[in-house]
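All of these numbers come straight from a predicted model, not from anything done at the bench. Each chain gets a letter, A, B and so on, in the order the sequences are listed, and its residues count up from 1.
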There are 2 protein chains.
Amino acid sequence: MPTSVSFDRLAHQPAYKVVSEKIRNAIVSGEIAAGDLLPTETDLAEQFGVTRSTVREAIRLLEHGGILGRAGRKRLVVTLPGMEAVGRSVSSAMLMHQVTYEELWQVAMGLEPLAGKLACLSATDEEKQLLADNLALTEQVMDNHDALLKVEIEFHNLVAEATHNNALLLARAPLNELFYPAWGAIIRALSPGERILVAHQHVYDAICAGDQDKAEEWMEKHMRDFRRGIEMGNLGFDQPVQG
Amino acid sequence: MPTSVSFDRLAHQPAYKVVSEKIRNAIVSGEIAAGDLLPTETDLAEQFGVTRSTVREAIRLLEHGGILGRAGRKRLVVTLPGMEAVGRSVSSAMLMHQVTYEELWQVAMGLEPLAGKLACLSATDEEKQLLADNLALTEQVMDNHDALLKVEIEFHNLVAEATHNNALLLARAPLNELFYPAWGAIIRALSPGERILVAHQHVYDAICAGDQDKAEEWMEKHMRDFRRGIEMGNLGFDQPVQG
DNA sequence: GCTGACATATTGTCGGACAATATGTCAATT
DNA sequence: AATTGACATATTGTCCGACAATATGTCAGC
């Protein structure tokens with residue numbers, strides 16, 4: 001029964017993808033470092049033996065991931081993908097997957113207490129000072145909903161940064177963007193300024209004291225408050241997150 | 001002292017970015033659903049009043065994030081960004097940020113036990129069956145390094161999927177890709193087949209019994225083993241992860 | 001119903017073009 | 001010496017038109 005040989009579907013990758021991969025590899029492998037300038041589009045086109053249009057498409061592919069950016073608005077420069085770029089791309093994926101507040105909250109329950117705990121080990125004096133400043137500011141703006149939301153988010157970012165753990169920062173990047181509207185709604189609905197301040201204060205104390213368990217515990221309490229906030233405010237805990 | 005007025009730098013966004021944002025909004029806002037076909041490049045060019053080249057660049061921008069893909073290899077189709085796409089983009093960011101195995105492990109310690117815990121609440125019978133199959137397979141291939149690595153990774157994915165939490169799945173997507181080589185090295189160096197099997201077995205039992213604490217605990221033990229593996233194998237726990 | 005032939009639509013790639021804007025140089029001015 | 005202006009140059013953003021390769025659709029013929 002000579003079913004004849006079976007051939008693999010030959011993968012004819014479009015040129016712009018090949019070019020994009022070549023550049024990407026050179027970057028990820030460290031051959032080109034962050035901050036380096038890339039050759040001009042015309043040069044790249046010549047080097048790869050394709051047209052400028054093709055090179056441009058390849059560049060766009062990388063530009064979105066935050067790997068490439070433009071200095072000023074001219075030359076191409078290799079960039080470290082910032083938290084914002086990663087956050088944006090993952091959170092848009094979460095939006096499309098119709099992630100609910102509950103799901104998001106569960107992930108936050110895994111990451112935020114962890115951040116508090118790790119920050120106890122690695123927060124520098126400057127970072128503790130930044131946290132102290134943030135607390136002072138929180139006290140001042142407690143009744144201003146918008147300002148309160150801003151410092152609340154900032155506090156969590158400061159704690160996360162104090163861990164000096166880039167993997168953690170990248171993993172929680174999308175949370176920032178998505179929790180933003182929810183926190184805002186809670187704050188407007190319940191004015192929980194006092195509770196927020198108390199929780200932050202305890203986390204801050206724990207970090208200064210290097211008390212991992214306490215930091216973890218209070219961060220957890222804080223997040224449970226968030227959950228109660230969504231439930232009490234009737235904001236639809238099982239509803240998909242709104243962009 | 002008329003230092004003259006200060007003006008905001010006026011942001012002249014390039015057309016391809018504008019077009020890309022327009023399409024992105026239409027997708028994220030649900031105006032176009034996943035699975036829908038987009039108009040052809042020529043049509044889009046006409047609608048936006050730009051050239052096809054510009055439209056193409058805009059498309060590339062979205063293509064990388066996994067938002068757009070090609071059906072067959074022709075028409076553009078709106079796609080749900082899969083775990084792979086998200087994983088790839090975040091993990092390349094982690095690589096560039098020189099994330100160490102320790103940092104990565106800390107994140108995994110936040111997410112994997114959580115996955116075990118949540119899976120207890122939501123695993124369906126089919127999913128339990130898949131886990132059982134995976135265990136059986138693990139037993140068979142315990143001495144085959146490559147095969148063992150594959151089922152090990154698959155086990156964790158199955159547990160994560162059993163949580164039915166898309167946010168969690170997306171958050172841990174990069175871990176998959178980055179742990180892969182490390183697990184492989186550990187397995188080759190230490191042949192920890194027995195320990196892996198025991199831990200998986202306990203997690204599986206806990207999930208079947210709905211015992212959240214036990215699932216969390218054993219997943220944690222399992223991850224601590226992973227850490228010990230890297231340390232014992234002298235694989236450089238504080239070294240940047242290798243792509 | 002399957003096959004093949006043919007027209008059509010769509011993408012991938014090319015080449016060339018031009019305006020707007022940065023960058024670099026150098027002389028003139030203060 | 002530092003600033004300004006004039007000018008050439010380089011680079012990007014956008015446009016146009018073109019063509020080959022490949023899917024898709026249609027229709028006759030067996």
Side-chain angles (χ1 to χ4, degrees), chain A residues 3-4 7-24 26-27 32 35-79, chain B residues 1-24 26-27 32 35-79:
Chain A
T3 356
S4 84
F7 291 103
D8 286 342
R9 162 171 215 84
L10 45 88
H12 172 48
Q13 290 282 54
Y16 67 87
K17 277 193 184 170
V18 179
V19 170
S20 150
E21 271 308 305
K22 290 246 183 201
I23 297 180
R24 196 187 116 98
I27 292 177
I32 325 179
D36 286 0
L37 289 173
L38 250 67
T40 64
E41 296 178 352
T42 321
D43 281 354
L44 287 173
E46 257 181 62
Q47 292 181 30
F48 285 113
V50 296
T51 353
R52 199 158 73 92
S53 321
T54 308
V55 170
R56 297 194 109 234
E57 295 189 30
I59 289 174
R60 297 300 161 252
L61 233 29
L62 300 174
E63 198 171 324
H64 184 259
I67 298 185
L68 285 183
R70 302 222 167 255
R73 63 174 154 251
K74 279 290 169 183
R75 286 293 282 282
L76 269 174
V77 72
V78 180
T79 321
Chain B
M1 207 184 303
T3 355
S4 82
V5 213
S6 88
F7 290 103
D8 287 342
R9 164 171 212 82
L10 43 87
H12 173 50
Q13 289 282 51
Y16 68 87
K17 277 192 184 168
V18 179
V19 170
S20 150
E21 271 308 304
K22 290 248 182 200
I23 297 180
R24 196 187 117 99
I27 292 177
I32 325 180
D36 286 359
L37 289 173
L38 249 68
T40 62
E41 295 178 352
T42 322
D43 281 353
L44 287 172
E46 257 181 62
Q47 292 181 30
F48 286 114
V50 296
T51 2
R52 202 156 73 89
S53 321
T54 308
V55 169
R56 296 192 110 237
E57 294 189 31
I59 289 174
R60 297 299 161 255
L61 231 31
L62 300 174
E63 199 171 325
H64 183 261
I67 299 185
L68 285 183
R70 303 229 165 248
R73 65 172 153 252
K74 280 291 168 182
R75 286 294 281 283
L76 268 176
V77 70
V78 180
T79 322

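Nucleotide C:dC14 holds its P atom 11 Å from the CZ atom of B:R56, rounded to whole Å. Straight-line distance from the CD1 atom of B:I59 to the C1' atom of C:dT10: 11 Å, rounded to whole Å. Between the C1' atom of D:dG13 and the CG atom of B:L61 lies a distance of 14 Å, rounded to the nearest Å. When the C1' atom of C:dT13 is taken as reference, atom CZ of A:F48 falls 16 Å away, rounded to whole Å. When rounded to the nearest whole Å, the span between CG of A:L37 and C1' of C:dA22 equals 14 Å. A straight line from OH of A:Y16 to C1' of C:dC14 spans 16 Å, rounded to a whole angstrom. Summarising the geometry, the separation between CG on B:D43 and C1' on C:dT11 is reported as 13 Å, rounded to the nearest angstrom. When the C1' atom of D:dT22 is taken as reference, atom CD of B:E41 falls 14 Å away, rounded to whole Å.
Salt-bridge annotation for A:R60 and A:E63: present, with a side-chain N of the basic residue lying under 4.0 Å from a carboxylate O of the acidic one.
For D:dG13, the OP1/OP2 oxygens have a side-chain nitrogen or oxygen of A:R60 closer than 4.0 Å.
At distances below 3.5 Å, at least one donor-acceptor pair connects side-chain atoms of A:T79 with backbone N or O atoms of A:G69.
A:L68 places a side-chain heavy atom less than 4.5 Å from the side chain of A:V78. Residues B:L44 and B:V19 fail the side-chain proximity criterion, which asks for heavy atoms closer than 4.5 Å.
A:I59 CD1 to A:T54 OG1: the interatomic distance, rounded to the nearest 0.5 Å, is 11.0 Å.
The side chain to side chain contact (heavy atoms under 4.5 Å, CB included) test applied to B:T40 returns B:T42, B:D43, B:R75, not counting sequence neighbours.
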Give each protein N/O atom lying under 3.5 Å from an N/O atom of nucleotides 15-19 of chain D, with the pair distance.
from, atom 1, to, atom 2, distance (Å)
D:dC15, OP2, B:T51, N, 3.0
D:dC15, OP2, B:T51, OG1, 2.8
D:dC15, OP2, B:T54, OG1, 2.8
D:dC15, O5', B:T51, OG1, 2.9
D:dA18, N6, B:R52, NH2, 3.3

